[in-house]
There are 2 protein chains.
Amino acid sequence: MSQSAAIEKQVKPAFVRRRSNRRREIIDAAIDQFSARGYDGATLKDIAEAIDLTHAALYYYYKSKDVLLFEAVSLILNELLDTLKGCEGAPRAQLKSMMVAQLTYQFEYHRAMPLIDSVLFGAHSRRGVLKDEQSRYLRQCQKDMIGLYHSAVAAGIKSGEFTCKDVRTTVFSIIGILSHAPYWASPVNDKEMNAFVEKQTDICFRLL
Amino acid sequence: MSQSAAIEKQVKPAFVRRRSNRRREIIDAAIDQFSARGYDGATLKDIAEAIDLTHAALYYYYKSKDVLLFEAVSLILNELLDTLKGCEGAPRAQLKSMMVAQLTYQFEYHRAMPLIDSVLFGAHSRRGVLKDEQSRYLRQCQKDMIGLYHSAVAAGIKSGEFTCKDVRTTVFSIIGILSHAPYWASPVNDKEMNAFVEKQTDICFRLL
DNA sequence: GTCTATAAAACGATAGAC
DNA sequence: GTCTATCGTTTTATAGAC
């Protein structure tokens, strides 16, 4: 249990707590369903029934389906961003832990990444599912994320650790490699996962 | 015009030809719409009206929406496969032309790749939109495509041109980089495209 | 070959009971 | 806070006219 949740349990009345937890449960279910079936493929009924709710009851917590999409993508992006921000050290070490974190996260929220790409730059973005302000916010998260990679790579070039020429191309290539990983690899336990992460990071370092 | 189409023009009656062209037009429109809005986001109405047809008229040519999806993905995959099969030469030269072809193709059918990934391994595959036999066929195309990269890389390792250790990881990393390209780059003319392709292939060769 | 009309189902969303 | 009932719309798909 997170610290804030623990505090919440002490000071807030039960119904507020329940409401707050329910909201989170719904977002988690939305992430699952949107990831598994796509935004248009997943129905509010699917999401609601996954946590034993009727689809009508969802509307008590969130006012529309697109808000659910925004909250879902926002949650994932922010969690990933926070994790990456926590990666420190010399350029090489920092990038290594960023890559490990990114891979781990991608496999945890398994296959949510295509959804995110789609919301940020793909089909859903073109269709205008989200309001401009929401899109702008999510894109900023993504930009911040890319910025972290950018800084690390640039620092490594400056210090002479890395020899790559074009920072932008390099960063997006690394992200391309990492994003594509869940499509073809599916490590089933920690041992396989560790071996896989080692291989992937080795490959990425060849770009630097 | 392809050879078979040229022959067709000579020997087949007009209405058969027209029917055949219409079928192709519909698939092209389906590719556009599915790529732009996703399979679930695109409606038969969208597809039909893009080529001045009513949605009901589509059913004369194809019996359901999922057949349209299969035909669309099948067309792209086979065209790409054929192009890649045409790339020959020593490992390095062969891989280079394969990468160029892949990038060119991806930007031409701009943003169809996420759809394909989704049909092969993602949301649509999990939801069982396509019949097992259709899925199996498309996966085989994809496997054949990966096989071409695999052979080229393996040949380069054998000849001593490449120093990479794990063929599989390398191949999927290259494909990851190339697939991700349309998400962040959008060259607007041939000059920009050429410069971009050079940068991307340079990056990929660092993996080899 | 393409159209109109329409069926049948699914979906997002709202109103109101409890 | 959650449910039932229901509305309005959209969507896939079919039947039949021309």
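Throughout, protein chains are lettered first and strands after them, A, B, ... in sequence-line order, and every chain is numbered starting at 1. The analysis underlying the following values was restricted to heavy atoms, covering all of them including side chains, and did not include hydrogens, waters or symmetry mates.
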Kindly state each residue pair satisfying salt bridge (charged side-chain N to carboxylate O under 4.0 Å, His left out) with at least one member in [range], sequence neighbours excluded.
range	result
residues 50-74 of chain B	none
residues 29-40 of chain A	A/Arg37-A/Asp46, A/Asp40-A/Arg127
residues 181-194 of chain B	none

Between side-chain atoms of residues 146-155 of chain A and protein atoms elsewhere (two or more places apart, or another chain), which donor-acceptor pairs fall under 3.5 Å?
| residue | atom | partner | partner atom | Å |
| --- | --- | --- | --- | --- |
| A/Tyr149 | OH | A/Gln102 | OE1 | 2.6 |
| A/Ser151 | OG | A/Gly147 | O | 2.9 |

_Partners passing ring-ring contact (aromatic ring centres under 6.0 Å, His included) against A/Phe121 (at least two apart in sequence or in another chain)_ =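 With sequence neighbours excluded, A/Phe121 shows a ring-ring contact (aromatic ring centres under 6.0 Å, His included) to no residue whatsoever.
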*Mind checking ring-ring contact (aromatic ring centres under 6.0 Å, His included) for B/Phe196 and listing every partner two or more places apart, or none if nothing turns up?*
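If we apply the ring-ring contact (aromatic ring centres under 6.0 Å, His included) test to B/Phe196, skipping adjacent residues, the hits are B/Phe107, B/Trp184.
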*Please list, chain by chain and in numerical order, all residues satisfying side chain to side chain donor-acceptor pair (under 3.5 Å) with A/Arg126, sequence neighbours excluded.*
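Counting only residues at least two positions away or on another chain, A/Arg126 forms no side chain to side chain donor-acceptor pair (under 3.5 Å).
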Between [X] ([atom1]) and [N] ([atom2]), how many Å, whole number?
X	N	atom1	atom2	answer
B/Tyr62	D/dA13	OH	C1'	18 Å
A/Lys65	D/dT9	NZ	C1'	14 Å
A/Tyr60	C/dG16	OH	P	18 Å
B/Glu49	D/dT10	CD	P	13 Å
B/Asn21	C/dG1	CG	P	12 Å
A/Leu58	C/dG12	CG	C1'	11 Å

*asked:* Check this one for me: any side-chain N or O of B/Tyr59 less than 4.0 Å away from OP1 or OP2 of D/dT14?
replied: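 For B/Tyr59, the contact criterion (side-chain N or O under 4.0 Å from OP1 or OP2 of D/dT14) is not met.
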_Under 6.0 Å from the ring centre and within 45 degrees of the ring axis: does the NZ or CZ of B/Arg23 meet both conditions for the six-membered ring of B/Tyr62?_
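Because its charged atom sits under 6.0 Å from the ring centre and within 45° of the axis, B/Arg23 does stack over B/Tyr62.
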*asked:* Let's see if you get this right: which residues in residues 33-48 of chain A place a heavy atom under 4.0 Å from DNA chain C?
replied: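 Output list: A/Ala42, A/Thr43, A/Leu44.
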Tabulated below should be each protein N or O lying under 3.5 Å from an N or O of nucleotides 3-6 of chain D; please produce it.
| residue | atom | partner | partner atom | Å |
| --- | --- | --- | --- | --- |
| D/dC3 | OP2 | A/Thr54 | N | 3.2 |
| D/dC3 | OP2 | A/Thr54 | OG1 | 3.2 |

